[in-house]
Visitor: 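Sharing a structure, written as structure tokens. Questions coming.
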There are 2 protein chains.
Amino acid sequence: MQEVANSTADSKDNFASQVMGQLKQDILTGYFKPGEKLRMARLKERYQVGISPLREALSQLLIEQLVIVENQRGFRVHPISKEEMLDIYETRAYIEALCINLAIERGDDEWEAGILAAAHKMRKFSTLLEKEPHEWERRHQAFHSAIAEGCQSPTLLHVRRSLYEKASRYRNLWLKKNMLDSQIFDANQKEHDSLIDALLNHDAGKARELIREHLLSPSRTLLTTEGFE
Amino acid sequence: MQEVANSTADSKDNFASQVMGQLKQDILTGYFKPGEKLRMARLKERYQVGISPLREALSQLLIEQLVIVENQRGFRVHPISKEEMLDIYETRAYIEALCINLAIERGDDEWEAGILAAAHKMRKFSTLLEKEPHEWERRHQAFHSAIAEGCQSPTLLHVRRSLYEKASRYRNLWLKKNMLDSQIFDANQKEHDSLIDALLNHDAGKARELIREHLLSPSRTLLTTEGFE
DNA sequence: AATTACAATAATGTCGACATTTTACTCTTT
DNA sequence: AAAGAGTAAAATGTCGACATTATTGTAATT
């Protein structure tokens, strides 16, 4: 069992927080498979901490529904299902549309500038998509976050982030197979451009429609992929 | 320091889960005040468990943002603020409106029947409002849940529940002062009746408007109450 | 008298150990 | 050979103890 580099560790946080982040990544990226049993001995070895911080980290992921617990039978990675995926993506589309609606109402010049800046950083990286998919994913997410943050509601953005993380499990399982499909990717880029246009024109109805399509198309593609049920 | 009765303890769950529920109640009801320090010795005494389950329970509430943690300085109850309250209520109004919108689209006869049943149980209890406010609160919540559950989306309902719990902290601080204001209460009852009408008529626009008013009026009243800032 | 340095107290974060429960395996019986 | 009981092994859940860090109180110095 290989250990994991502790590069992103925040030395100000306690072990539990650090392990929580690493464990979350390992689940989201698929290192730990859906439904897989999380044995303490193995986790101890991987993250190099004792049982107490591990249980704390797992408890936190429990609330986010990334792991499940059966009494006296330890923890497992939350299983995936077609139904849950559709439900998450659907809900996420509604929440994202809500964020955008409010952002168009409330957003100021700084908001618009932030969107264009994030879009630029994303486009600049599009040629490196295949080389560093992780960084591209980060910039893609930053772009959409820049849009949503215009709603200026911490509570709503917290909900949004939680749904994003849950969805990324499914997306990561999908990306591995469809990462190199440049046709899908180009369509994606065009959708981004249309979305920016709608936002700058304060066309809320159009923006809602675009973001819904943008978010839901991956879930439809994912449905046709093998490995479910 | 008094101990707390362990009546609702699910013997199937581990200590951490049980303590989590009790601690959540104690925070929501205001037994532990906003910003108050949660010393381990005191919690140990109150819930009669060791440190490990306590830390697990606190870790779970951490994600739900009901407690905060400062490294090496223990846990505190999440502080309250006027801004956060308004943000939570506002977000909650949007989410609830979304649930209702979907419920009207998707709801069937069973959904309508469930609403009427819950409304009946709530009305039957209205005379006991002052005697058993806790049970009335439960039925009121059950009524609104019956409506929202028509959206048939576990993910969206999970979000809704989380926001409801955060809001109830503020509501509980408020209820103690306004519980006996029968004028407000009567208006509340009328709002429920209008809402049911709109739902059964599948009038989504009207229902959205009503639920928004129903949810936001407490937060406006709460704003005029002392004890903030 | 106020401020800083220092010491004592208290509280937190982590680990290993123990008891309990679950799981796996073997041996017996039909 | 298959099924079931009994036993051995492994994993979990909880607790107390220890080291580290923060807080409080006191004394000394300017």
Side-chain angles (χ1 to χ4, degrees), chain A residues 1 3-4 6 8-24 26-27 32-63 65-79, chain B residues 1 3-4 6 8-24 26-27 32-63 65-79:
Chain A
M1 178 65 51
E3 292 173 21
V4 81
N6 203 349
T8 59
D10 247 307
S11 58
K12 66 172 163 51
D13 289 336
N14 58 13
F15 285 9
S17 279
Q18 298 175 29
V19 171
M20 203 275 275
Q22 295 178 328
L23 189 51
K24 185 189 276 187
D26 283 338
I27 292 175
F32 290 118
K33 302 284 185 297
E36 182 175 350
K37 187 144 205 318
L38 296 168
R39 274 183 298 108
M40 284 298 179
R42 185 174 173 189
L43 298 178
K44 241 175 96 169
E45 209 178 330
R46 180 167 174 83
Y47 303 114
Q48 294 290 302
V49 294
I51 293 177
S52 307
L54 275 174
R55 287 192 66 86
E56 282 186 44
L58 288 163
S59 293
Q60 295 180 29
L61 299 179
L62 197 65
I63 296 296
Q65 299 195 312
L66 288 176
V67 304
I68 57 177
V69 61
E70 295 167 288
N71 194 21
Q72 302 288 10
R73 275 192 254 179
F75 296 86
R76 309 187 84 89
V77 180
H78 196 291
Chain B
M1 180 66 48
E3 291 172 24
V4 80
N6 203 348
T8 59
D10 247 305
S11 58
K12 68 172 162 52
D13 288 336
N14 58 13
F15 285 10
S17 279
Q18 298 174 30
V19 171
M20 204 275 275
Q22 296 177 331
L23 189 51
K24 186 189 276 187
D26 283 338
I27 292 174
F32 289 119
K33 302 285 184 297
E36 182 175 350
K37 186 140 206 313
L38 295 168
R39 275 184 296 109
M40 284 298 179
R42 184 176 175 188
L43 298 177
K44 238 176 100 168
E45 210 177 331
R46 179 168 175 83
Y47 303 114
Q48 294 290 302
V49 294
I51 293 176
S52 307
L54 276 174
R55 287 191 66 85
E56 283 186 43
L58 287 163
S59 293
Q60 296 181 28
L61 299 179
L62 198 64
I63 297 295
Q65 300 195 314
L66 288 177
V67 304
I68 57 177
V69 61
E70 295 168 287
N71 192 19
Q72 302 288 12
R73 277 191 254 180
F75 296 86
R76 309 187 83 88
V77 179
H78 196 289

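Source: prediction; values computed, not measured. To find a chain, count down the sequence lines: A is the first, B the second, and so on, and within it residues start at 1.
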Visitor: Could you grab the distance from atom CZ of B:Arg73 to atom NZ of B:Lys37, nearest 0.5 Å is fine?
Guide: 9.5 Å
Visitor: What is the nucleic acid contact for A:Leu58, judged by heavy atoms within less than 4.0 Å: base, sugar-phosphate only, or nothing?
Guide: nothing
Visitor: Roughly how many Å is it from CD in B:Glu70 to P in D:dT21, rounded to a whole number?
Guide: 17 Å
Visitor: D:dA11 C1' sits how many Å from A:Asn71 CG, rounded?
Guide: 13 Å
Visitor: Does a side-chain N or O from A:Arg73 land closer than 4.0 Å to OP1 or OP2 of C:dT22, or not?
Guide: no
Visitor: Using the side-chain contact (heavy atoms from CB on, under 4.5 Å) rule, pick out the option among A:Leu62, A:Ile68, A:Leu61, A:Ile27 that qualifies with A:His78.
Guide: A:Ile68
Visitor: Taking atom CZ of B:Arg42 and atom CZ of B:Phe32, what is their separation to the nearest 0.5 Å?
Guide: 5.0 Å
Visitor: What contact category does B:Leu38 fall into here, base, sugar-phosphate, or nothing, at under 4.0 angstrom with non-hydrogen atoms?
Guide: sugar-phosphate
Visitor: Expressed in angstrom and rounded to an integer, what is the separation of A:Leu43 atom CG from D:dA10 atom P?
Guide: 18 Å
Visitor: Nearest to the side chain of A:Phe75, which nucleotide is it out of C:dG13, C:dT12, D:dG13?
Guide: D:dG13
Visitor: Take A:Ala16 and A:Gln72, find for each the nucleotide of DNA chain C with the closest heavy atom, and name the residue whose nucleotide sits nearer the 5' end.
Guide: A:Ala16
Visitor: Any protein N or O atoms within reach of nucleotides 15-19 of chain C? Criterion: under 3.5 Å, listing atom names and distances.
Guide:
from: C:dC15; atom 1: OP1; to: A:Gly50; atom 2: N; distance (Å): 3.4
from: C:dC15; atom 1: OP2; to: A:Gly50; atom 2: N; distance (Å): 2.6
from: C:dC15; atom 1: N4; to: A:Ser52; atom 2: OG; distance (Å): 3.0

Visitor: As a test of understanding, state which of A:Leu54, A:Val67, A:Asp26 forms a side-chain contact (heavy atoms from CB on, under 4.5 Å) with A:Leu38.
Guide: A:Val67
Visitor: Rounded off to whole Å, could you give me the CG-to-C1' distance for the A:Leu62 and D:dG13 pair?
Guide: 15 Å
Visitor: Tell me: CG of A:Leu54 to P of D:dT12, nearest whole Å?
Guide: 10 Å
Visitor: So does B:Lys33 get a backbone contact from the side chain of B:Glu36, meaning a donor-acceptor N/O pair under 3.5 Å?
Guide: yes
Visitor: Which whole-number value in Å describes the distance from B:Arg76 CZ to C:dA11 P?
Guide: 13 Å
Visitor: In whole Å, what is the span from the CZ atom of A:Arg42 to the P atom of D:dA11?
Guide: 12 Å
Visitor: Please give, in whole Å, the distance from C:dA11 P to B:Glu45 CD?
Guide: 12 Å
Visitor: Quick check for you: to the nearest 0.5 Å, what is the distance between A:Ser17 atom OG and A:Gln60 atom CD?
Guide: 5.5 Å
Visitor: Quick check on D:dT12: is either OP1 or OP2 less than 4.0 Å from any side-chain nitrogen or oxygen of A:Lys37?
Guide: yes
Visitor: Once you apply a heavy-atom cut-off of 4.0 Å, does A:Arg39 come out as touching a base, just sugar-phosphate, or nothing?
Guide: sugar-phosphate
Visitor: CD of A:Gln22 to CZ of A:Arg46: how many Å apart, nearest 0.5 Å?
Guide: 8.0 Å
